[in-house]
Amino acid sequence: MAGRMRMRAEGPRISVDNERCERFGLCEWEAPALFQLRRDGRLRYRRRAQPHEIEQAAAAARCCPMQAIALTGVTGR
Amino acid sequence: MSDGDRIVIVGAGVAGLRAAERLRELGFDGEVVLIGDEARRPYHRPTVSKQLVQGIARPGDVTLQSYVDLDVHWRLGTRATHLDTAQRVVHLPGGEELWYDGLVVATGVVPRHLPGSPRHDPRVRVLRTVEDAAAVRRALATSSKPAVVIGGGLIGNEFAASMRQMGRDVTLVGHARAPLYRFGPRVAESVTDLHRSHRAALAMRTEVRHWITTKDTFGLHLTNNQLVVASCVVLAIGSVPAVDWLRGSGLTLDDGVLCEPTLFAVGADDVVVAGDVARWPNLRFDDVPRRVEHWLNAVESGRAAAENLLAGRAGARPFTPLPRAWSSLYEVRLQMAGLPALADDTVPLADGITGFVRAGELVGVCGWDRPRAMLRWTAELERRLPAPEHTGTSVPAAGVPLVPDTVPETVP
């Protein structure tokens, strides 16, 4: 239980499916603090969002053209 | 809307799903009924012309996820037949009447029919649903002859690329001078070169004169006198708003459902509209009502419609998005922002970036495999075309959830 509470306090985990991601960069538009399309074309992202960044992380996942972004630890908030 | 109320959402595509999700995010705890004519939960429709038709994704892979407990009553495989805005009732098959306190109309579009085409033949399909993709795959499996797609828009081009990526021969037939010509001559030229390099055939500035149907194949006799042989034919000549069920409801049905800037339907109370079917004036550009047939617009308008339905007409905010869209053709990412269709001219802005200009003002940008540059140019477009200040001063009645300040702003 303590583990789960700590996870909520730290915000959700972010994962990007590399097989699906085509690096359109729409996640960076929605959540520039969490996602960054690098000059070399690769996507860099933070694997854990802060609690105040949940809305942005969810927007990035929602708007991803490839639906490649998954958040865990959000439901039931 | 208040506790104990029922909100009915007609249309279980991405717009309907995101509307339901936003209602729950904002704390609406009444009943939500989600009606969809397809017999499956909302899925990622852009995959139909790409991953699903190629067989590299299965239907179960493309279900859309939600990050709130939706707690909706699903009425899938159910087509609304009529709307009575005076009685606030949605009519369903079998004489069922479903009352509502608030209604979200999100029925999207249906593919346009091509007069003269043998639509009763299983080898002639549109590409809208998971079932359409499966049917095209069945038709492809019965013959090694080429595929033909009629229509030079996004879906037609995506399907042609999908065929080449499967190693199938394909011909794209279109009446425009080049594929994707509505995105300007530079994009059209790039798409043309891309198809050529992948050996997809193009038959442009032409259309089907008549169809020759045989047991194994079709022959398409084109107006340029070319004869194209096909194992299956995909019709991708655009869509029409799915509004038949709304006839006689008092809503204004002239190319979709006419809406106020807030997505409230003109001519009814407590009815909002989202997605491809909504025709509303985006005050960021002007006061002309238009439809926007792009997936991201369905996401964003679904959320905005839900927010405004809860806020009530008096407290509603204009929906003023900067439209954005994308496509994948082979290995190339095509991206759009703004409203390129408004432009009277195009201008090269940077390598791979086309600007769309109306009366000297930038109204859209299009990127050819330049996602980083598109981020910068989309921000520039937003700077030049700011959303107008919302001057609404009305306060919703007590007990009605306000749209909270935590609504994510579009980040420049």
Option that, when pairs with chain A are counted at under 4.5 Å, heavy atom only, ranks first among B:Ala57, B:Ser328, B:Pro46: B:Ser328
Pairwise side-chain contact, B:Leu375 with A:Leu26, heavy-atom cut-off 4.5 Å (strictly under): no
SB check A:Glu22 B:Lys50 (cutoff 4.0 Å): no
Part of B:Leu334 within contact of chain A (heavy atom distance under 4.5 Å): backbone
CZ/A:Arg38: more than 12 non-hydrogen atoms of other groups inside 6.0 Å: yes
Student check: side-chain heavy atoms of A:Gln67 and B:Val62 closer than 4.5 Å: no
Proximal component of B:Thr63, with respect to chain A [non-hydrogen, under 4.5 Å]: neither
For chain A, the option from B:Glu331, B:Arg18, B:Gln65 that forms the most heavy-atom pairs under 4.5 Å: B:Arg18
Side chain proximity check, A:Pro12 to B:Tyr67, heavy atoms < 4.5 angstrom: no
Atom pair CZ (A:Arg20) and NE2 (B:His44), whose distance is rounded to the nearest 0.5 Å: 8.0 Å
Heavy-atom side-chain contact between B:Arg333 and A:Arg23 under 4.5 Å: yes
Leading residue by heavy atom contact count with chain B [cutoff under 4.5 Å; candidates A:Cys63, A:Gly25, A:Gly41]: A:Cys63
Expected output: side-chain A:Arg62 to main-chain B:Val299 donor-acceptor under 3.5 Å: no
Pick from B:Asp61, B:Thr47, B:Asp369, B:Val14 with the largest number of heavy-atom pairs that fall under 4.5 Å of chain A: B:Asp61
Any side-chain heavy-atom pair of B:Glu382 and A:Trp29 under 4.5 Å: yes
Check against side-chain contact (heavy atoms from CB on, under 4.5 Å), B:Gln51 and A:Met66: CA-CA 10 Å; B:Gln51 293 88 345; A:Met66 309 311 294; 3.1 Å; yes
